[in-house]
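One structure is given below, encoded as structure tokens.
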Amino acid sequence: RGPRAVAELIGFYNDYDNLIGNDTVSGGGDGSGDQFNGGAAEVRGVEAALGLDLAPARSSVALPFRLAYSYTSGEFRTTFLTTFPDWAPKVERGDKLPYIPEHQLYAGVGLEEKRWTLNLDANYTGEMRTRAGRAQTPDEILEERLILDLRTDFKITSRLSLWAQLLNATDEVYVASRRPAGLRPGRPRAALFGLTFDF
């Protein structure tokens, strides 16, 4: 068993002289491949993480607990006109960057034995903008969400393992994006099963 407690604290700052926006399908765009200059922008924040084993020191099982939080602030530092859907039609200096949630929180707890594990993970994503700006316009905001996932693994042999996963266990209904062509739902409850073989 590893250390009984691990903690991390990280600060970050990104300074862009020429931020580029790409219109790609994978990014939620129309897939034209066009690039758009977003001028100067800053993204800064802090991340904190904590890991603990809550089981007694001589226990045959581990009870890992993990907690992580991040705060991120991103804003444009120039004013410009653009046709890029996420920024159009005009960006003012100080406008927030879209699709960057200020607050994100993760918490996970598990039960681990020599041959099997069980984990419950909770992921919270705070509200975020879908277009550059500062006003709290409802059709430019994605609401906060909390997603719970379950996973269990069972080691059949030293190399072969069976696993099962339940994603979005509570079947939370949420909006993942507004691009392209309006509201796009997040992933509903999904059950996955599989085998893992280590060569």
Exercise for the section: Please check if atom CD in Glu172 has more than 12 non-hydrogen atoms from other residues, nucleotides or ligands closer than 6.0 Å. Expected result: yes

Inter-residue atom distance [X].[atom1] - [Y].[atom2], 0.5 Å rounding:
X	Y	atom1	atom2	result
Leu63	Leu118	CG	CG	10.5 Å
Ser73	Ile100	OG	CD1	8.5 Å
Asn37	Thr82	CG	OG1	8.5 Å
Asn18	Gln35	CG	CD	11.5 Å
Leu120	Leu111	CG	CG	12.0 Å
Ser70	Phe12	OG	CZ	6.5 Å

Side chain to side chain, [X] and [Y], heavy atoms closer than 4.5 Å:
X	Y	value
Thr130	Ile141	no
Glu112	Pro64	yes
Arg151	Gln165	yes
Arg93	Thr78	no

Problem - Carboxylate-amine/guanidinium contact Arg134 Asp95, below 4.0 Å - result: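 Judged by the 4.0 Å cut-off on N to carboxylate O distance, Arg134 and Asp95 do form a salt bridge.
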
Problem - Lys/Arg N to Asp/Glu carboxylate O, Lys155 vs Asp153, below 4.0 Å - result: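 No.
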
Practice task
Could you walk me through whether Glu144 and Tyr124 pass the side chain to side chain donor-acceptor pair (under 3.5 Å) test, one step at a time?
Solution key: CA-CA 7 Å; Glu144 62 186 5; Tyr124 168 81; 2.5 Å; yes

Practice task
Pick out which of Ile20, Thr83, Asp86 makes a side-chain contact (heavy atoms from CB on, under 4.5 Å) with Phe36.
Solution key: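 Result: among Ile20, Thr83, Asp86, Thr83 is the only option passing the side-chain contact (heavy atoms from CB on, under 4.5 Å) with Phe36.
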
Problem - For Leu105, the option from Leu146, Asn123, Leu67 that meets side-chain contact (heavy atoms from CB on, under 4.5 Å) - result: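 Result: among Leu146, Asn123, Leu67, Leu67 is the only option passing the side-chain contact (heavy atoms from CB on, under 4.5 Å) with Leu105.
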
Please find the pair of heavy atoms, one from [X] and one from [Y], that lie closest to each other, and give the distance.
X	Y	answer
Gly194	Leu162	O-CD1, 3.4 Å
Ile147	Asp149	CG2-OD1, 3.8 Å
Gly110	Asn119	CA-OD1, 3.5 Å
Pro138	Arg178	O-NH2, 3.3 Å
Asp121	Gly108	OD1-CA, 3.6 Å
Gly38	Trp87	CA-CZ3, 3.3 Å

Donor-acceptor contact below 3.5 Å, side chain [X] vs main chain [Y]:
X	Y	value
Arg184	Ala176	no
Asn14	Glu42	no
Thr152	Thr117	yes
Arg44	Gly11	no
Thr137	Asp139	no
Arg115	Ile156	yes
Arg131	Glu140	no
Thr72	Glu102	no

Handout entry: Connected hydrophobic set around Leu183, excluding itself, where side chains approach under 4.5 Å
Key =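 For the cluster that includes Leu183, the remaining residues are Tyr99, Met128, Leu142, Val175.
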
Practice task
Any chance you could lay out the side-chain contact (heavy atoms from CB on, under 4.5 Å) test for Val43 and Leu97, step after step, and finish with the verdict?
Solution key: CA-CA 9 Å; Val43 179; Leu97 287 166; 3.6 Å; yes

Which pairs of donor and acceptor atoms, one on a side chain in residues 185-192, lie under 3.5 Å apart (sequence neighbours left out)?
residue : atom : partner : partner atom : Å
Arg189  : NE   : Ala169  : O            : 2.9
Arg189  : NH2  : Ala169  : O            : 3.2

Handout entry: Worked check of side chain to side chain donor-acceptor pair (under 3.5 Å) between His103 and Tyr69
Key = CA-CA 7 Å; His103 305 284; Tyr69 168 78; 2.6 Å; yes

Under a 4.5 Å side-chain heavy-atom rule over Ile, Leu, Val, Met, Phe, Trp and Tyr, are [X] and [Y] clustered together?
X	Y	result
Leu167	Leu148	no
Leu9	Tyr71	yes
Tyr16	Phe84	yes
Leu19	Tyr13	no
Leu52	Val61	yes

Exercise for the section: Run the numbers on Glu127 and Glu143 for side-chain contact (heavy atoms from CB on, under 4.5 Å), then give the verdict. Expected result: CA-CA 5 Å; Glu127 68 175 29; Glu143 295 182 353; 5.6 Å; no

Handout entry: Under the side-chain contact (heavy atoms from CB on, under 4.5 Å) test, residues paired with Asp17 that sit two or more places apart
Key = none

Practice task
Applying salt bridge (Lys or Arg N to Asp or Glu O under 4.0 Å), name anything that partners Arg145, two or more places apart in sequence or on another chain.
Solution key: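 Result, salt bridge (Lys or Arg N to Asp or Glu O under 4.0 Å) vs Arg145: none returned.
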
Exercise for the section: Provide the full list of ring pair (Phe, Tyr, Trp, His ring centres under 6.0 Å) pairs with a residue in residues 135-194, sequence neighbours left out, each pair given once. Expected result: none

Exercise for the section: With sequence neighbours left out, write down each residue that passes side chain to side chain donor-acceptor pair (under 3.5 Å) with Asn168, or none if nothing qualifies. Expected result: none

